[in-house]
Amino acid sequence: MIAIIDYGVGNLFSVEKAFSQYTDDVMVTDDRSLIEKADKLVLPGVGDFGACMDNFQASGLCPAVMDRIAAGTPLFGICVGLQILFEGSEESPDAKGLGVFKGKVRKIHAPGLKVPHMGWNSVEFAQDGLPFFEGLPANPFFYFVHSYHAVPDDESIIAATVEYGEQLTAAVYKDNVMATQFHPEKSGDVGLMVIKNFIDWKCD
Amino acid sequence: MYTKRIIPCLDVKNGRVVKGTNFVGLRDAGDPVELAHRYDVERCDELIFLDITASNEQRDTIVQVARDCASKVFIPFTIGGGIRTTEDMRKMLKAGADKISLNTAAVKNPDIIKQGADIFGRQCIVLAVDARKAGEDKWEVYVNGGRTPTGIDVLDWVKRGTELGAGEILLTSMDADGTKDGYDIPLTRAVSEAVDVPVIASGGAGKLEHFYDVLSQGKADAVLAASVFHYGQFTVRQVKDYLKSRGIEVRL
């Protein structure tokens, strides 16, 4: 079963429906026992980094999710769900991130361009043969809405980048954790392919 | 590369698309989701559903449209029309809409922009403005579907709206709307230069050049069109191919 973690931020309806295109075995849940036994986890997130972390901590689900990540359960972070995997963000200097990845989330610096970076942009794969980008065309377009971007200490975890005034992290991947800054559930057919690839992902 | 967006607009009444369409092969031209899917296949970048339902009893039909669309079409979409409170907004967003647009309600009660942006984030809040020329480089805001002048200056209003938290402007030129003579370039350019959020130009599309003109000279970030798409004059794909040939980046 794939559990989409509901910790009280944003609308998870579209995410759930996107997964439902390929599997019946998906649910949006805030039930810790389901998260403890799910085969795969999806960590969404929208809005403010600090508010997301506050909600996640208050939900009581954080320790269970961290345990599952440490135990090797595949996890897919989406948008701010990618950002909170890092140690902190310029958006909310007092908030502590999950620290699954070393590095900070920084404000987009794009002189002459509008922030948030909102709309369709093409990404560049940073590595070949990534399981969740399988079958995608080169430089596919995804839908982005964000004002901050993750800057990993270890650049080898960057799976894809996107150009917007500067080069931004579009996706990260290490071991059993993958995450995208873009919204696969709003990125048409290529976004659905990423979701399908995560569902099919054999992570060892 | 970052792209300009092409956005078809569907008028919806009691859960059904009004204004006939000339699409070949549609089973039901009034089904919002079937049309949305069709536009998605043509590679539109977003969709806007404008609810023109008159009676309050039928108001929730648009929520069902949002839910159906979000279940089957996986691109961003906006719901506008009749949204007055943050509770209305919550319903739409919960049903899978990505953004909501405010028009008359925002003029009557500008604070609703701020309330919506504070709760849901400014990226969710689109300020829709119906503008009519009022003099040299001056335009006036109209409300109630363009029937009622407000005396408010368009440039003042979009600046105030974005300060309050609007994340995008949907700008309709009432002078150009329905003419097919092209988008209102001076208006669009003036608004684009007045605010630091994306501007969607609306009203007047009739030829392929019109899309190019408003995205280049008009400095718009996105273009909305209804009838040229609904009546099959152009496909979204044709517009995008044309723009690409003129050097404008689009998602093909």
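Computed from heavy atoms alone, side chains included, the values below leave out hydrogens, waters and symmetry copies. In what follows, chains carry the letters A, B, and so on, assigned in the order in which the sequence lines appear, proteins first and then strands, with residues in each chain numbered from 1.
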Top contributor to chain B interface from A/Trp120, A/Phe13, A/Phe141 [non-hydrogen pairs under 4.5 Å]: A/Trp120
Greater than 12 external heavy atoms within 6.0 Å of A/Lys107's NZ: yes
Nearest-0.5 Å distance, CD of residue B/Glu46 to CE of residue A/Met118: 6.5 Å
Chi angles and distances behind the side-chain contact (heavy atoms from CB on, under 4.5 Å) call for A/Phe142, B/Arg251: CA-CA 9 Å; A/Phe142 291 100; B/Arg251 177 182 73 115; over 6 Å; no
Nearest heavy atoms of A/Ser14 and B/Gly96, plus distance in Å: OG-O, 3.6 Å
Side chain A/Lys114, main chain B/Val197, donor-acceptor under 3.5 Å: yes
Over 12 non-hydrogen atoms of neighbours within 6.0 angstrom of NZ in A/Lys196: no
Working for salt bridge (charged side-chain N to carboxylate O under 4.0 Å, His left out), residues A/Asp189 and B/Arg43: CA-CA 10 Å; A/Asp189 45 9; B/Arg43 272 285 200 253; 3.5 Å; yes
Closest non-hydrogen atom pair, B/Pro76 against A/Lys186: CD-O, 3.4 Å
Contact listing (chain A partner; residues 218-225 of chain B; heavy atom under 4.5 Å): B/Asp221
A/Lys37 atom NZ, over 12 foreign heavy atoms within 6.0 Å: no
Interchain contact, B/Glu168 with chain A, by part (heavy-atom threshold 4.5 Å): side chain
Closest-packed option against chain A by number of heavy-atom pairs under 4.5 Å, given B/Lys4, B/Arg67, B/Arg5: B/Arg67
Heavy atoms of other groups near B/Asp111 CG, more than 12 under 6.0 Å: yes
Portion of B/Leu93 that has a non-hydrogen atom of chain A nearer than 4.5 angstrom: backbone
Structural part of B/Asp196 lying under 4.5 Å from a heavy atom of chain A: backbone
Which of B/Val73, B/Asp40, B/Asp98 touches chain A most, by non-hydrogen pairs under 4.5 Å: B/Asp98
Any donor-acceptor N/O pair, A/Gln21 side chain to B/Ser71 backbone, under 3.5 Å: yes
Whether B/Tyr2 and A/His117 hold their rings parallel, tilted or perpendicular, with breakpoints at 30° and 60°: tilted
